[in-house]
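Just below is one structure, and these are the notes that go with it.
Chain letters run A, B, ... following the sequence lines, proteins first, then strands; residues in each count from 1. Everything quoted here is computed from the prediction, not taken from an experiment.
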Amino acid sequence: MSLDTLIVIDGNSLIHRAFHAIPLLTNSQGVITNAVYGFTNMLLKILNEQEPGLVAVAFDKGKITFRHQDYADYKGTRKATPDELRPQFILARDVLRAMRIPYFELEGFEADDLIGTIASQAEATGLNVLILTGDRDALQLVSPKTKVLLTRKGITELEIFDEGKVWDKYGVTPSQIIDLKGLQGDPSDNIPGVPGIGEKTATTLLKDYGHVEEILAQLDHLSPRLQKLLRGKEDIALLSKKLATIIRDVPMELDLSECSWRGPDQHKLLELFKELEFKSLIKQLTNSPASKKEKTSSNKLVSNLPELETYQVGYQTVTTQEERDEILVQASHSGKVALLLTGVRGQGIAAFYLAVPDQDIYLLRVADDLDSNLTVLRALCENSEIKKIFHDAKDAIWLLQQQDIVLKNLYFDTMVAAYLLNPTAANYDVNDVALEHLNIILPAEGETALAAQAESILRLGKVLYDKLAERDEDRLYQEMELPLVQVLAEMELAGVAVDKQGLKDMSAELYQAIETLSARIHELAGENFNINSPKQLGQILFEKLKLPVFKKTKTGYSTDAEVLEKLAEEHEIVALILEYRQLAKLKSTYADGLAALVDAKTGRLHSTFHQTVTATGRLSSAEPNLQNIPIRLESGRRIRKVFIPRQRGNLLLTADYSQIELRILAHMSQDNSFLEAFRLGQDIHTRTASEVFGVPLDLVTSEMRSRAKAVNFGIVYGISDFGLARDLKVSRQEAKSYIDNYFARCPGVRRYIDRVIQEAKTQGYVNTLLNRRRYLPELFSKNFNIRNFGERAAMNTPIQGSAADIIKLAMVKINKELKEQQMQAQMILQVHDELIFDTPETEVETLIKLVRECMENALVLDVPLDVDIKLGLNWYEAKPI
DNA sequence: ATCAGATTC
DNA sequence: ACTAGAATCTGAT
């Protein structure tokens, strides 16, 4: 720290430099931020390096300064400030306010003059001064107590000038800089100078005579050449010098104490950085203590400034029985707690943190006293009078279940709430949610970090709920997403029974088939190579075998299925490769991949259903993903045989919504053709074909139907003629005529799409039927492709997301009914528009009624929701009853 | 860590 | 310049 140092910054100069050094950046709202970003970066860097006691920034104010009175063309060669830059000066001032750095500006004066004045006054009080600027004029201010930091190329490098350095570089003293300019001029400020005098002549003259005035007084003693150059130019020389001279006594009140720096206002700065989307700077502010040791420049800022220290919260480690009793009393009394459990699924709970409103945070390490501490946890969780708040309650339910603890009164899940508020966040770690919604930086690791998280979870409960209510997402949360947490936990815990021997058998069969195929492929290629390597495969196909290249990837030849299908005619190796790929996928991902994830204890697959992953509101499934089990091709479909009921006497029942997305489209668009088709129970693709091709329903061929089907898909995804043409393998023109026809016959759909995109552009987000919201900053991108993507997402999200709403609603209803009717049947999977149950044969009839009722009436639309139900001894065998 | 390619709805 | 929405997993580099 150098408390006796004042840093004075030339705001205009730095912002201009930054603007030209950094390519145009924008945030998602289209606000251009490159200059203010660069400026802020420089600011943080210099503060971090110098750790000054005082800071001030100066700006120009007013187009006309006193210099213009002397010389109208002063700065006459300057270009007007670009439109992209002007608003950034305002943003820079916002940054300074958040940094709590005072800035000065005075009508009719340039930043330089204010800097000169501030520097003089600071020197007078004995302070050291450091001037940060990109403008070499400032070198005239260098003195024993004042140094200048000049930006070099770009903005990252700084060069420090003291008196010696000025002399080395210019051959003059700082006070002679203005004389230098008086003689030489300065094209950048349009200061004329004396024609014919350049750097060399000027410095020689100044060495001999000191200053311009002296030179002019001694004109007669100069060489004839110099006399000729200077005579009659006295006024220009003196004027030029005057223009270059920084005023050091601007009439301003300056209280240096205003400049003493206490560090930034953490909240404001974070909010501003978030608004401007300065992700790397936010990261610097939120950096973990561990990474502070590294010497990345700005981390020091965090540790040195009290205001930026991470959020701390005290906690007590509970060890005695009295303390345990006491916290139970506190929890019962308050009726609400936040709980943070640590531990790993399958390994039990390591510790738990308890946050009780208006009390300390308590840490109970399970290992300290296993029985007593788990008793406390059980008492808390199983007491239905105490409301429980978790971040990722589903994970907590898993952990608790392993200790046979049942969670009652799940009151809030901050992770799920944060997801609803922004379904496109990269992750929902407590620290990031707290940063986003509480504007605090939590410590990164250790017990302190976890205690702070527990405390934050408690506070987030209210904050997030209020935000949800504000945008009418509270019912979505309350009646659907929160209850769904419990439903999903039960599905995961129940798991899916699999025939492990069946998987092994398939693996062995696949191994044989793959061996045979690869031998044949290597033979045809004339050499051994790794067929799994797109790179090696590309070399074989396109270099050795000289097959035609249709498509390239970033890194080389494309060898995807689309390409290989086109090449199948050319060489018999190609079909074999396609088959190889198919089998290799089946073996690695499915036969072997699934086998590896069968739980040793239960003998089942316990996939995780992620509730906070997708942008649209769908669930996702992982470890293993049970939402992409093959079905399209028979060879893959056979994998489904290994998915079996949990016990003898049970069956698998599947229930899937028929055409749910197109029904939602019908409902939302109110398109007459679609409404009628669904109300009459017509096959929607046949109906569409009849419309598009202008033939009666009974004359629609299967070819026509399949094309219409592709068009319907295209509509849901946000159609383009190109994409449709590729899919249907027809000309782009033909594809376009399908689309035109489609919109002509279904004008309601056209209007709906236009309306959704329009609304998205005015609101910045789209909604599903149940008010799930997705923001689409892509709509405002300058990039054509990104913008188009935004438009397609605007069309697709309400449809896909509403379908997700509906099935989630059905799941909650069904689970409730199954419990109330005390049935054995268990929901085990959800595959976007399909639910799968493991049920005793004896319950099948009841279950079908229940499931059909709940799914078809989950939400009443203007078209019926049809559900197809199938039953079987395994997933493969499931057939309509 | 990223890419290419596969699988699903 | 690129081109249909949403995902997860594997193997190669």
Side-chain angles (χ1 to χ4, degrees), chain A residues 423-424 529-538 551-564 577-578 580-594 596-597 607-610 613-633 635-637 639-640 656-662 665 710-728 732 735-736 739 766 774 776 778 783-804 807 829-835:
Chain A
T424 49
F529 69 101
N530 187 345
I531 310 168
N532 290 325
S533 161
K535 196 176 158 195
Q536 293 181 37
L537 179 61
K551 194 161 67 165
K552 293 200 131 197
T553 66
K554 268 180 270 185
T555 49
Y557 310 109
S558 171
T559 65
D560 66 17
E562 192 192 331
V563 171
L564 296 186
I577 291 166
L578 276 166
Y580 172 95
R581 281 253 177 91
Q582 202 190 331
L583 300 186
K585 175 74 176 174
L586 286 175
K587 182 167 186 298
S588 67
T589 303
Y590 298 105
D592 297 345
L594 290 177
L597 288 166
S607 173
T608 304
F609 287 99
H610 291 290
V613 167
T614 71
T616 54
R618 275 187 176 180
L619 298 175
S620 78
S621 153
E623 286 181 285
N625 179 357
L626 294 181
Q627 292 180 323
N628 71 346
I629 302 302
I631 188 167
R632 215 178 77 248
L633 301 171
S635 54
R637 188 175 197 151
I639 285 283
R640 296 186 168 221
D656 68 281
Y657 279 114
S658 155
Q659 304 295 351
I660 189 167
E661 293 192 337
L662 290 174
L665 176 65
V711 179
N712 277 332
F713 266 94
I715 295 295
V716 172
Y717 296 154
I719 200 158
S720 79
D721 51 7
F722 183 95
L724 184 63
R726 177 156 55 65
D727 234 44
L728 286 178
R732 209 167 143 170
K736 186 170 184 307
I739 296 169
V766 290
R774 174 183 180 178
L776 289 166
E778 295 90 347
N783 181 310
F784 175 84
N785 290 317
I786 296 175
R787 212 169 50 240
N788 275 351
F789 168 81
E791 292 187 2
R792 292 194 296 272
M795 301 181 229
N796 174 261
T797 298
I799 297 173
Q800 191 182 113
S802 297
I807 196 166
L829 292 175
Q830 188 253 41
V831 192
H832 308 308
D833 65 354
E834 174 184 22
L835 296 174

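Shown here are the side chain to side chain donor-acceptor pair (under 3.5 Å) partners of A:R792, two or more places apart in sequence or in another chain: there are none. Remark: A:Y717 engages no residue in a side chain to side chain donor-acceptor pair (under 3.5 Å) (not counting sequence neighbours). Under the salt bridge (charged side-chain N to carboxylate O under 4.0 Å, His left out) criterion, A:K585 pairs with no residue at all, not counting sequence neighbours. The side-chain contact (heavy atoms from CB on, under 4.5 Å) search around A:A561 returns A:E565, A:L578, not counting sequence neighbours. For A:F609, the ring pair (Phe, Tyr, Trp, His ring centres under 6.0 Å) criterion is met by no residue, not counting sequence neighbours. Considering only residues two or more places apart in sequence or on other chains, A:E834 meets the side chain to side chain donor-acceptor pair (under 3.5 Å) condition with none of them.
No donor-acceptor distance shorter than 3.5 angstrom exists from the side chain of A:E778 to the backbone of A:E791, with no hydrogens or angles considered.
Annotation: side-chain hydrogen bond (donor to acceptor under 3.5 Å, both in side chains) contacts involving residues 552-561 of chain A, sequence neighbours excluded, comprise A:E543-A:Y557, A:K551-A:D560, A:T553-A:T555, A:T559-A:R581.
Counting non-hydrogen atoms under 4.0 angstrom, A:S558 reaches the backbone sugars and phosphates but no base. Across all strands shown, A:I629 has heavy atoms under 4.0 Å from sugar-phosphate atoms exclusively, and none from any base. At a threshold of 4.0 angstrom between heavy atoms, the contacts of A:A803 with the nucleic acid are absent.
Taking only side-chain nitrogens and oxygens, A:R726 comes nearer than 4.0 Å to OP1 or OP2 of C:dA4.
Comparing the C1' positions of B:dT2 and C:dA4 gives a spacing of 24 Å, expressed to the nearest Å. Comparing the same atom, C1', in C:dC2 and in B:dA6 gives a spacing of 23 Å after rounding to whole Å.
Rounded to whole Å, the distance from CZ on A:F609 to P on C:dA7 is 16 Å.
Where DNA chain B meets chain A (any atom under 4.0 Å from a heavy atom), the bounding nucleotides read 5' to 3' are B:dC3 to B:dC9.
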What are the atom names and distances for every N/O pair under 3.5 Å that joins the protein to nucleotides 9-11 of chain C?
from: C:dC9; atom 1: OP1; to: A:E623; atom 2: N; distance (Å): 2.6

